[in-house]
Amino acid sequence: GQQLNQSPQSMFIQEGEDVSMNCTSSSIFNTWLWYKQDPGEGPVLLIALYKAGELTSNGRLTAQFGITRKDSFLNISASIPSDVGIYFCAGPSTETSGSRLTFGEGTQLTVNP
Amino acid sequence: NAGVTQTPKFRILKIGQSMTLQCTQDMNHNYMYWYRQDPGMGLKLIYYSVGAGITDKGEVPNGYNVSRSTTEDFPLRLELAAPSQTSVYFCASSYVSYEQYFGPGTRLTVT
């Protein structure tokens with residue numbers, strides 16, 4: 001089946017630093033979604049991307065839909081302690097119907113004050 | 001709107017017991033989903049539903065059952081609990097698009 005590979009698996013950064021993470025697939029995706037999961041909570045949708053090359057921002061977060069349609073990137077500028085959590089990429093499976101999503105295994109972000 | 005609500009928040013089961021995890025959404029979404037998340041892992045789809053009366057299996061359906069008698073509710077049933085079902089369970093819903101909204105989760109331990 002389709003798989004999404006996220007890197008890095010974990011990041012330890014200082015408050016104020018910028019963060020970059022990415023998500024790649026061997027298959028083409030027509031939609032990319034980025035979610036954040038706070039400790040002990042459910043994932044929350046951050047950004048949805050629907051067009052190759054699209055660049056979308058949500059506050060200090062910026063995500064890009066890769067031009068090959070096989071990757072996506074998430075950047076966080078000027079990180080703060082509340083950015084701590086797990087960031088997941090997701091995309092719709094082209095092998096099935098019903099708005100099913102395939103999720104990556106996440107990037108765990110730790111921000112040291 | 002409360003969004004997606006799940007009960008209970010936590011549960012401990014003995015091997016062989018059964019239980020139902022409840023999920024309700026008040027956004028009039030057609031699609032509903034059940035995922036499990038094992039420690040340090042991503043989300044695996046158990047079952048999903050595209051509307052009342054219609055359900056289908058996801059990646060990891062064995063040991064689980066679902067029903068969808070109304071648009072709002074999508075309960076997940078564990079018939080004979082096994083230690084391998086120790087996990088965090090998330091319910092989600094979406095309207096038509098892929099933008100799924102998640103509940104807060106149920107943390108289940110089977111001992």
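Within every chain, numbering begins at 1; the chains are lettered A, B, ... in the order of the sequence lines, protein sequences first and strands thereafter.
If you chain together hydrophobic residues whose side chains sit under 4.5 Å apart, B:Y35 and B:Y101 never meet in one group. Clustering ILVMFWY residues whenever any of their side-chain heavy atoms sit less than 4.5 angstrom apart, transitively, puts B:I15 in the very cluster that holds B:L108. When the side chains of ILVMFWY residues are joined at heavy-atom separations under 4.5 Å, either directly or via intervening members, B:M32 and A:F103 end up in two distinct hydrophobic clusters. Hydrophobic clustering of Ile, Leu, Val, Met, Phe, Trp and Tyr side chains at less than 4.5 Å, counting indirect connections, keeps A:F73 apart from A:M11. Hydrophobic clustering of Ile, Leu, Val, Met, Phe, Trp and Tyr side chains at less than 4.5 Å, counting indirect connections, unites A:W32 with A:I76.
The most heavy-atom pairs under 4.5 Å with chain A, out of B:E99, B:K9, B:K44, come from B:E99. When each of B:G103, B:P104, B:G40 is checked for heavy-atom pairs under 4.5 Å with chain A, B:P104 comes out on top. Counting heavy-atom pairs closer than 4.5 Å to chain A, the top residue among B:G105, B:C91, B:G42, B:A92 is B:G42.
Residues of residues 52-75 of chain B lying under 4.5 angstrom from chain A, judged on non-hydrogen atoms, are B:K57, B:G58, B:E59 in numerical order.
Closest approach of B:F90 and A:G42 over heavy atoms only: CE2-CA, 3.3 Å. Between A:L33 and B:Y98, the shortest heavy-atom distance links the atoms CD1-O, 3.7 Å.
For B:L45, the part lying under 4.5 angstrom from a heavy atom of chain A is the side chain only. For B:Q6, no part lies near chain A; criterion is any non-hydrogen pair under 4.5 Å. Within the 4.5 angstrom heavy-atom criterion, no atom of A:Q108 approaches chain B.
Between the side chain of A:R100 and the backbone N or O of B:Y48, no donor-acceptor pair lies under 3.5 Å.
Heavy-atom contacts from other residues, nucleotides or ligands closer than 6.0 Å to CD of A:E15 number more than 12. Within a 6.0 Å radius of CD1 in B:I12, no more than 12 heavy atoms belonging to other residues, nucleotides or ligands are found.
Residues A:F88 and B:Q37 meet the side-chain proximity criterion, which asks for heavy atoms closer than 4.5 Å.
From A:Q37, atom CD reaches atom CG of B:L43 across 6.5 Å, with rounding to the nearest 0.5 Å. Remark: B:Q100 CD to A:Y35 OH distance equals 5.0 Å, nearest 0.5 Å. Note that OG of B:S94 is 7.5 Å distant from CG of A:L101, once rounded to the nearest 0.5 Å.
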